[in-house]
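Worksheet for the structure shown next.
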Amino acid sequence: MRVSVQLGLLGAATCIITYFLTASSFENAFETSKVRMAHELEFAKQTMQVQMTTIDSIKSHIKSIEENTALNRNSCRFRLEQQNEAMTKCQTAMEGALRAREVLHERLPDLYNSLMQDRTQ
């Protein structure tokens, strides 16, 4: 009977030791997982910060492009208005020149006759 009690105690001791070893192993694994997850979380935060900085940079670049586009549009509109004014002045000058040509053609015979009469006198 002593042997069976000793075997029983030995079995109980083995169970207790196994329990503590297993618990210790799980605790170590849990701590390792916690540390790993903390590192992964920190990496995710840093990645998110880089992405937010990139997004802010892109937004700033888009705003700059929009501002430059507006300036270019206004500049082009101003140049177009100037060209339209110049074309209007040119058209007016051409119309005046055509009218002067018509008048000259109408009066040329009279001027020629007048000139010839002045020569003969």
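Treat the numbers as computed from the prediction; the structure is a model and nothing was measured. Numbering of residues begins at 1 and proceeds along the displayed sequence.
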| message | Among residues at least two apart in sequence or on other chains, which ones pass salt bridge (charged side-chain N to carboxylate O under 4.0 Å, His left out) with Glu67? | response | none
| field | Separation between CD of Gln51 and CD1 of Ile58, rounded to the nearest 0.5 Å | value | 10.5 Å
| task | Give a yes or no answer on whether the side chain of Thr69 reaches the backbone of Ile65 with a donor-acceptor pair at less than 3.5 Å. | result | yes
| message | A side-chain contact here means heavy atoms from C-beta on lying under 4.5 Å apart; do Thr47 and Phe43 qualify? | response | yes
| query | Could you give the distance from CG (Leu41) to CD (Gln46), rounded to the nearest 0.5 Å? | reply | 10.5 Å
| Can you list every pair that meets salt bridge (Lys or Arg N to Asp or Glu O under 4.0 Å) and has a residue in residues 29-47, with sequence neighbours left out? | Glu31-Lys34
| request: Answer yes or no: is there a donor N or O on one side and an acceptor on the other, between the side chain of Thr92 and the main chain of Thr88, under 3.5 Å? | output: yes
| query | Is there a donor-acceptor pair closer than 3.5 Å between any side-chain N or O of Ser75 and the backbone N or O of Leu71? | reply | no
| Is there a side-chain contact between Arg99 and Val103 (heavy atoms, below 4.5 Å)? | yes
| Is the shortest side-chain N to carboxylate O distance from Lys63 to Glu66 below 4.0 Å? | no
| note | Here the gap from Arg73 atom CZ to Asn68 atom CG, rounded to the nearest 0.5 Å, amounts to 11.5 Å
| field | Straight-line distance of Cys90 SG to Glu95 CD, nearest 0.5 Å | value | 10.0 Å
| said: Keeping Thr54 on the side-chain end and Val50 on the backbone end, is there a donor-acceptor pair under 3.5 Å? | reply: yes
| request: Please tell me if the side chains of Gln83 and Leu80 come closer than 4.5 Å, counting only heavy atoms from C-beta onward. | output: yes
| query | Atom CD of Glu81 and atom CZ of Arg77: how far apart are they, to the nearest 0.5 Å? | reply | 7.5 Å
